[in-house]
Amino acid sequence: MCHYRRFAVLPSSALLLLALAPPRISFTDVSQSWSLRPTIIYGAIDNKQFLIESTGVGAAIFDYDQDGKNDLLVLQGSRLGSPPNSIPSVLLFHNEGNGKFQETAQQAGLTASGWAQGVCAGDYDNDGFPDLLITFYGVTRLFHNDHGRFSDDTPRSGLPTSSNRWGAGCAFTDYDRDGLLDIFVSNYVDFDLRTAPKPGSLPECIWKDLPIMCGPKGLPMAHNALYRNLGNRRFEDVSAKAGILKPGGRYGLGVAAADFNNDGWPDIYVACDQTPSLLYQNQKNGVFVERAVEAGVAFDRNGRTQAGMGVAIGDFDSNGLLDIAKTNFSGELPSLYLNEDGEFFRDTAESAGLGVNLFLGWGIAFLDVDEDTHPDLILANGHFYPEVEQAQLADRYRQPTLLYRNNGNGRFTDITKQAGPALSTPKASRGLAIGDLDGDARPEIVIVNMNEPLTILQNQTPRANWTRLRFTGKRSNRSAIGTRVTLQSTGRTQTAELIGGGSYFSQNELALYFGLHTATRIDKLTIRWPLGKIQECRNLPINQTLSFTEDEACVAP
């Protein structure tokens, strides 16, 4: 069944103007007017002693109580020496509508504390309510959603309940295509705060003659984990037999699960810090083969290791294959891996024009901000070391958010300054999530800043035509994670997938947005559901939210 939510269609005269000249792109920070201004606590402000104080946290945009309005979850860390349980790890803002939000974490049962890191959302028991996995330094925790009230499912789930692991990025994905969402967790460092070296105490703890916190280089590398969903809210650690441990240790951070070779089975990409990044290719038999070096996504174009942070997945060149964008350390180009044939990628960051700014990037997303059918790139930035502010260096701790406009020819243009002060204002940013928070079917961009209030970017660019697509699985997982869509309109073909994980430690809304520019109808929409069924819908209306349910026919309005 396909359901529609109507919005006004632009008149033909407005469409003609859009065709002649691109609109002026503009974003405004609405966090203050929406009273979403919590200061996100994470480590010391000016001088950080240990690595745990610098990685920061993410956010999630999802409708936790299924009332039709997206809510916002934001994570926090702690401060060294703070009393236990004094700083809540989870802030949950229930969407009351009309730009009003109420903090409800405690009432909703999310009362965790500690050094939170990342979050992913997905309905792992297929009951219609999205559940949560939150990674921590220590024990990663699984929260079951019972009609808007969460309970800690970690003890009964089979996930570890005691650990010194440093959980980082995470993704829900149905890697074995049994209709149940499995869990992938990247782990960062095998770290013990009690024995961690002090700033400047080792050669690895000095950067540009500054004594800085130690790590990750010089600290023990961690190993990633894959947990198979057994049903009945229980999981089994299959990391070894599924091939996840075979590449050895890495400093894993951002994670995204997506089908890169178009074989219908989800693969997994992990951005790694100062170690080669990982591409786990799904062999369709419960086993993955790691082939990032062979595929060209382990290093930069010159074969050098980078400090990978966040991951964005999208088909930026419209060739029907999903590409990978990755944020990296200060002085390094972001990565832009163009997927050439499903097996091999080429890093086009320099030729694409992404080398004009070499900030330290974290959260990242593809998003068609001007709705011209070409997905643009937005990158949240901020330095690792606040100490750079006291040194005579070109680097700055607080850095602007970057917006690159996709020119549609393989190149991007930096339009940050033209898009308004909300982007150009420097922040020490980390996580980034996109999703519709005000009910206009246009995604906001939420950025989590270190020891500062949130940034919530509302897109005020004049609208072209568009569509927003939502999916519900029946035989496939209820969240429909892994659904692949090909959209054809007025001679243009666009491809996107409902991604598990992505960005940096954050969860985007589980919906797909497409800009349609001047198209007046969707000529053809091809949906490949996670278990492989192909569904075709033709002659669909635009400027509406369209909702599809697996095994139910498309119904015209």
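The first residue of the sequence shown is numbered 1, and numbering continues consecutively from there. Keep in mind that what you see is a predicted model, and the values were worked out from it rather than measured.
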Which heavy atom of [X] sits nearest to which heavy atom of [Y], and what is that distance?
X	Y	value
Leu512	Glu497	CD2-O, 3.5 Å
Asp372	Arg405	OD2-NH2, 3.2 Å
Ala116	Ile134	CB-CG2, 4.5 Å
Gly167	Thr140	CA-OG1, 4.1 Å
Thr401	Thr416	O-CG2, 3.0 Å
Leu110	Leu132	CD1-CD1, 4.0 Å

May I have the step-by-step check of side-chain contact (heavy atoms from CB on, under 4.5 Å) for Ile378 and Ile445, ending in yes or no? CA-CA 9 Å; Ile378 186 159; Ile445 302 167; 3.4 Å; yes
Side-chain donor/acceptor of [X] to backbone N/O of [Y], under 3.5 Å:
X	Y	value
Asn95	Gly97	yes
Tyr404	Asp414	no
Asp29	Ala422	no
Ser429	Asn449	no
Asp436	Ala441	yes
Ser506	Ser503	no
Glu332	Phe329	yes
Arg398	Ala428	no
Asp347	Leu336	yes
Asp273	Ala307	no

Does the side chain of [X] come under 3.5 Å of the side chain of [Y] through a donor N or O and an acceptor N or O?
X	Y	result
Ser31	Arg37	yes
Asn465	Asn543	yes
Asn47	Gln49	yes
Asp315	Gln494	no
Arg492	Ser318	yes
Asn407	Thr413	yes
Ser330	Asp395	yes

Given the side-chain rings of [X] and [Y], with only the six-membered ring counted for Trp, is the space between their centroids under 6.0 Å?
X	Y	answer
Trp466	Tyr513	no
Trp166	Tyr137	yes
Trp362	His383	no

[X] versus [Y]: any side-chain heavy-atom pair under 4.5 Å?
X	Y	value
Leu354	Phe412	yes
Cys170	Phe505	no
Val90	Leu75	yes
Lys69	Asp63	no
Cys272	Ser277	yes
Phe62	Leu510	no
Phe27	Val369	yes
Asn406	Leu377	no

Give me the ring orientation class for Phe316 and Phe366: parallel if the planes are under 30° apart, tilted from 30 to 60°, perpendicular past 60°.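 The rings of Phe316 and Phe366 lie parallel, inter-plane angle below 30°.
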If you round to the nearest 0.5 Å, how far is [atom2] of [Y] from [atom1] of [X]?
X	Y	atom1	atom2	value
Ile434	Leu432	CD1	CG	7.5 Å
Thr348	Asp317	OG1	CG	8.0 Å
Glu444	Ile61	CD	CD1	7.5 Å
Thr327	Ile364	OG1	CD1	5.5 Å
Phe184	Cys120	CZ	SG	11.0 Å
Tyr188	Leu253	OH	CG	5.0 Å

Leu402 and Asn381: CA distance, side-chain angles, deciding distance, side-chain contact (heavy atoms from CB on, under 4.5 Å) verdict: CA-CA 8 Å; Leu402 295 176; Asn381 304 289; 3.5 Å; yes
Side chain to side chain donor-acceptor pair (under 3.5 Å), that's the test. Do Gln306 and Ser335 meet it? Break it down for me. CA-CA 9 Å; Gln306 296 173 296; Ser335 304; 3.0 Å; yes
Atom CD of residue position Gln418 - does it have more than 12 heavy atoms of other residues, nucleotides or ligands inside 6.0 Å? yes
Stepwise side chain to side chain donor-acceptor pair (under 3.5 Å) test for Tyr42 and Asn451: CA-CA 6 Å; Tyr42 209 90; Asn451 294 307; over 6 Å; no
Note: Glu387-Lys208 ion pair, threshold 4.0 Å (strictly below): no
From CA spacing to verdict: side chain to side chain donor-acceptor pair (under 3.5 Å), Arg470, Ser547: CA-CA 5 Å; Arg470 294 179 58 84; Ser547 298; 4.8 Å; no
Please lay out, stage by stage, how Gln76 and Ser89 fare under the test side chain to side chain donor-acceptor pair (under 3.5 Å). CA-CA 5 Å; Gln76 292 198 118; Ser89 295; over 6 Å; no
